[in-house]
Undergrad: 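Right, I'll just put the structure down here and ask away after.
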Amino acid sequence: EVGLIDSQMTVLKFTEDILFQLSRLVRRDPHTTYTASTYFKRYYLHHCITEGRPHVVALASIYLASKVTEDYLPATALLAEVARHTAQTIPLSDLFLVETQLLDALRFDLLIFTPCFTCQHACLGAPPPLTAMAHRHMQAAYLTDLPLQYPPQLLGVAAWAIAAAFHGLPFEQSPLYKHHGASLPTVMCTMLVCSTFGPPPRRQVAAAEQRIKAAR
């Protein structure tokens, strides 16, 4: 049913935005955050949202990513921080159970390439507002299926190029831009479109959750 699929996508996009917020809350670096986002996306390629709690999958993704990227955060510290800021208490056993399910869905393919290093390289010496804008465009792209369609390096360069264009810098002459050739304009346009759509409002998410519960 199309309406049910749309409802699931609404809840997933909302939860993935929360994943980014939680990762910032517990001070994980961008590479860890984008790795966790990729885990979350891949998990839901194999699972229906009605099978579990997406926010616990998001937390398990952050926890697992923090270990893989050597940006480790103990599970107890993660859950304590979440409880302190959101008043949600999640049992440690639930987190470990979902982590096991996450590993199974990922088939233990845990090393993820993210756009962070490419974007950081491109933004070397750039003013902080340009770098911040590039990261905002990357995060907006990660709330869509773009990371499943394009390689991360391309997304990193596209985010930098958009920010550079906004700040009036001649990005077209950059060797990094030239290296990626004709693909970049299409990716940049798609990324700009994605950036105009933020996470869905809470009322829309609540309605989507009701439709999903009714279908169970």
Side-chain angles (χ1 to χ4, degrees), residues 1-26 28 30-69 73 75 78-79 82 86 88 90-91 93-116 138-152 155 190-191 193-195 197-202 204-216:
E1 184 183 345
V2 175
L4 185 58
I5 293 174
D6 288 343
S7 296
Q8 293 185 51
M9 295 305 298
T10 296
V11 174
L12 287 178
K13 185 172 183 179
F14 178 78
T15 307
E16 197 162 2
D17 183 62
I18 289 178
L19 183 153
F20 277 90
Q21 294 178 40
L22 289 174
S23 193
R24 283 194 298 269
L25 185 68
V26 295
R28 296 307 91 191
H31 178 55
T32 300
T33 304
Y34 287 110
T35 297
S37 175
T38 304
Y39 289 169
F40 184 84
K41 288 182 188 300
R42 290 185 178 179
Y43 178 87
Y44 280 108
L45 289 176
H46 302 280
H47 290 78
C48 176
I49 194 173
T50 59
E51 294 177 14
R53 293 174 292 171
H55 66 285
V56 181
V57 177
L59 284 174
S61 298
I62 294 171
Y63 175 59
L64 180 59
S66 77
K67 293 192 286 186
V68 173
T69 62
L73 179 68
L78 172 62
L79 295 181
V82 169
T86 68
Q88 290 190 40
I90 298 171
S93 58
D94 285 10
L95 181 69
F96 290 154
L97 174 61
V98 174
E99 182 192 20
T100 302
Q101 296 169 346
L102 186 60
L103 285 166
D104 184 57
L106 295 170
R107 298 179 182 177
F108 290 84
D109 183 11
L110 303 179
L111 293 180
I112 302 296
F113 293 97
T114 72
C116 297
M138 284 198 302
Q139 180 174 333
Y142 266 71
L143 295 180
T144 71
D145 287 337
L146 279 183
L148 301 176
Q149 299 176 45
Y150 297 104
L155 295 178
T190 308
M191 189 175 281
V193 171
C194 292
S195 296
F197 297 98
R202 191 68 188 86
Q204 182 181 344
V205 176
E209 289 175 335
Q210 288 300 318
R211 284 194 293 271
I212 292 170
K213 287 179 181 177
R216 286 179 176 173

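The residues of the chain are indexed from 1 along the displayed sequence. From a predicted model like this one, the values you see are computed outputs, not experimental measurements.
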Undergrad: For the atom pair OH (Y142) and NZ (K13), what is the distance rounded to the nearest 0.5 Å?
TA: 15.5 Å
Undergrad: Enter the distance from Q139:CD to E16:CD here, rounded to the nearest 0.5 Å.
TA: 9.5 Å
Undergrad: Anything under 3.5 Å between a donor and an acceptor, one on a side chain of residues 145-152, the other on a protein residue two or more places apart or in another chain? List them.
TA:
none

Undergrad: Report yes or no: do H31 and T114 form a side-chain donor-acceptor pair below 3.5 Å?
TA: yes
Undergrad: Can you list the steps and then say if L155 with M138 is a side-chain contact (heavy atoms from CB on, under 4.5 Å)?
TA: CA-CA 7 Å; L155 295 178; M138 284 198 302; 5.6 Å; no
Undergrad: Nearest 0.5 angstrom please: Y34 OH to C116 SG, how far?
TA: 5.5 Å
Undergrad: Measure across V57 and Y44 and return the closest heavy-atom pair with its distance rounded to 0.1 Å.
TA: CG2-OH, 3.5 Å
Undergrad: Run the side-chain hydrogen bond (donor to acceptor under 3.5 Å, both in side chains) test against T35 and tell me which residues pass, sequence neighbours left out.
TA: none
Undergrad: Look only at the side chain of K41 and the backbone of A36, and say whether a donor-acceptor pair between them is shorter than 3.5 Å.
TA: no
Undergrad: Pairs under 3.5 angstrom only: tabulate donor-acceptor contacts from the side chains of residues 96-113 to other protein residues two or more places apart or in another chain.
TA:
| unit_1 | atom_1 | unit_2 | atom_2 | d |
| --- | --- | --- | --- | --- |
| E99 | OE2 | K67 | NZ | 2.6 |
| T100 | OG1 | F96 | O | 3.0 |

Undergrad: Looking at side-chain heavy atoms only, is the closest gap between L19 and H55 below 4.5 Å?
TA: no
Undergrad: Measure the spacing between CG of L22 and OG of S61 and express it to the nearest 0.5 Å.
TA: 11.0 Å
Undergrad: When you measure from the side chain of T69 to the backbone of A65, do you find a donor-acceptor pair of N or O atoms at a distance under 3.5 Å?
TA: yes
Undergrad: Can you tell me how far apart CZ (R28) and CZ (F20) are? Round to the nearest 0.5 Å.
TA: 15.5 Å
Undergrad: Roughly how far, to the nearest 0.5 Å, is CD1 of I62 from CG of L95?
TA: 10.0 Å
Undergrad: Compute the centroid of each ring, for Y63 and then for Y39, and state whether the two points are separated by less than 6.0 Å.
TA: no
Undergrad: With V26 as reference, evaluate T33, L59, L78 under the side chain to side chain contact (heavy atoms under 4.5 Å, CB included) test and give the passing residue.
TA: L78
